[in-house]
Amino acid sequence: QVRLVESGGDLVQAGGSLRLSCEVSGTIFLFNVMDWYRQAPGKQRDLVASIVDDGRTHYEDNVKGRFTISKFDAKNTLYLEMNSLKPEDTAVYYCHATRGETHYWGQGTQVTVSS
């Protein structure tokens with residue numbers, strides 16, 4: 001079965017950096033869209049960044065210029081590079097992928113940014 005496993009979440013000071021990884025197993029690494037979402041306590045789950053199979057990217061306004069989404073097909077892995085982190089970036093970050101009408105989700109990784 002398909003599995004998406006996030007890693008890289010940690011406690012970091014404001015202004016610091018983290019790189020999140022999402023390793024895919026159980027299926028070929030070929031999707032129409034791959035995304036990162038995040039959900040803070042008491043908040044809805046929001047889209048952070050997306051990458052389409054042709055390489056086009058999209059970023060939520062609050063992370064533009066700070067976050068970069070990328071993928072490395074040879075490692076079956078999606079990445080989110082996060083720089084200049086702010087306390088408001090604190091959330092559980094989820095990996096998501098779409099193939100046709102099918103959606104896949106990871107279990108999430110916790111990112112906590114302290115002031």
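Quantities reported herein were computed from a predicted structural model and do not represent experimental measurements.
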Does K86 form a side-chain contact (heavy atoms from CB on, under 4.5 Å) with R66? I'd like the steps, not just the answer.
CA-CA 10 Å; K86 305 174 181 179; R66 299 190 298 121; 3.9 Å; yes
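- Each of D35, V33, L80, L78 was compared with I51 under the side-chain contact (heavy atoms from CB on, under 4.5 Å) criterion, and only L78 meets it.
- When each of D89, N62, L20, N83 is paired with F67, the side-chain contact (heavy atoms from CB on, under 4.5 Å) condition holds for D89 and for no other.
- Hydrophobic clustering keeps Y94 apart from V113 (ILVMFWY residues linked when any side-chain heavy atoms are closer than 4.5 Å, directly or through intermediates).
- Atom NZ of residue K64 and atom OG1 of residue T57 lie 9.5 Å apart, to the nearest 0.5 angstrom.
- Residues D61 and Y59 have side chains not in contact (no heavy-atom distance under 4.5 Å, counting atoms from C-beta outward).
- Defined by atom type and a distance below 3.5 Å, a donor-acceptor pair is missing between the side-chain atoms of R56 and S50.
- Ring centroid separation for the pair Y37 and W105 comes in under the 6.0 Å cut-off.
- Sorted pairs that involve residues 67-79 and meet side-chain hydrogen bond (donor to acceptor under 3.5 Å, both in side chains), not counting sequence neighbours, are lacking altogether.
- Here the shortest heavy-atom pairing between E81 and S17 reads OE2-CB, 4.5 Å.
- Taking CD of E101 as the start and NE2 of H103 as the end, the distance is 6.5 Å to the nearest 0.5 Å.
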For W36 and I69: C-alpha separation, side-chain torsions, deciding distance, then whether side-chain contact (heavy atoms from CB on, under 4.5 Å) applies.
CA-CA 8 Å; W36 288 97; I69 188 170; 3.7 Å; yes
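- M34 and V92 end up in different hydrophobic clusters when Ile, Leu, Val, Met, Phe, Trp and Tyr side chains are linked at under 4.5 Å.
- For residues 106-115, the side-chain hydrogen bond (donor to acceptor under 3.5 Å, both in side chains) pairs, not counting sequence neighbours, are Q110-T112.
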Take Y104 and T98 through the test side-chain contact (heavy atoms from CB on, under 4.5 Å) and record every step on the way to the result.
CA-CA 6 Å; Y104 305 96; T98 303; over 6 Å; no
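- Across L18 and V12, no two heavy atoms sit closer than the pair CD1-CG1, 4.0 Å.
- No more than 12 heavy atoms of other residues, nucleotides or ligands lie within 6.0 Å of CD in Q13, so this atom counts as exposed by the packing criterion.
- Hydrophobic cluster membership is shared by V2 and F29, with clusters built from Ile, Leu, Val, Met, Phe, Trp and Tyr side chains linked at under 4.5 angstrom.
- Taking OH of Y93 as the start and CE of M82 as the end, the distance is 5.5 Å to the nearest 0.5 Å.
- For the pairing with R38, the side-chain contact (heavy atoms from CB on, under 4.5 Å) check across V111, L47, V63 returns one residue only, V63.
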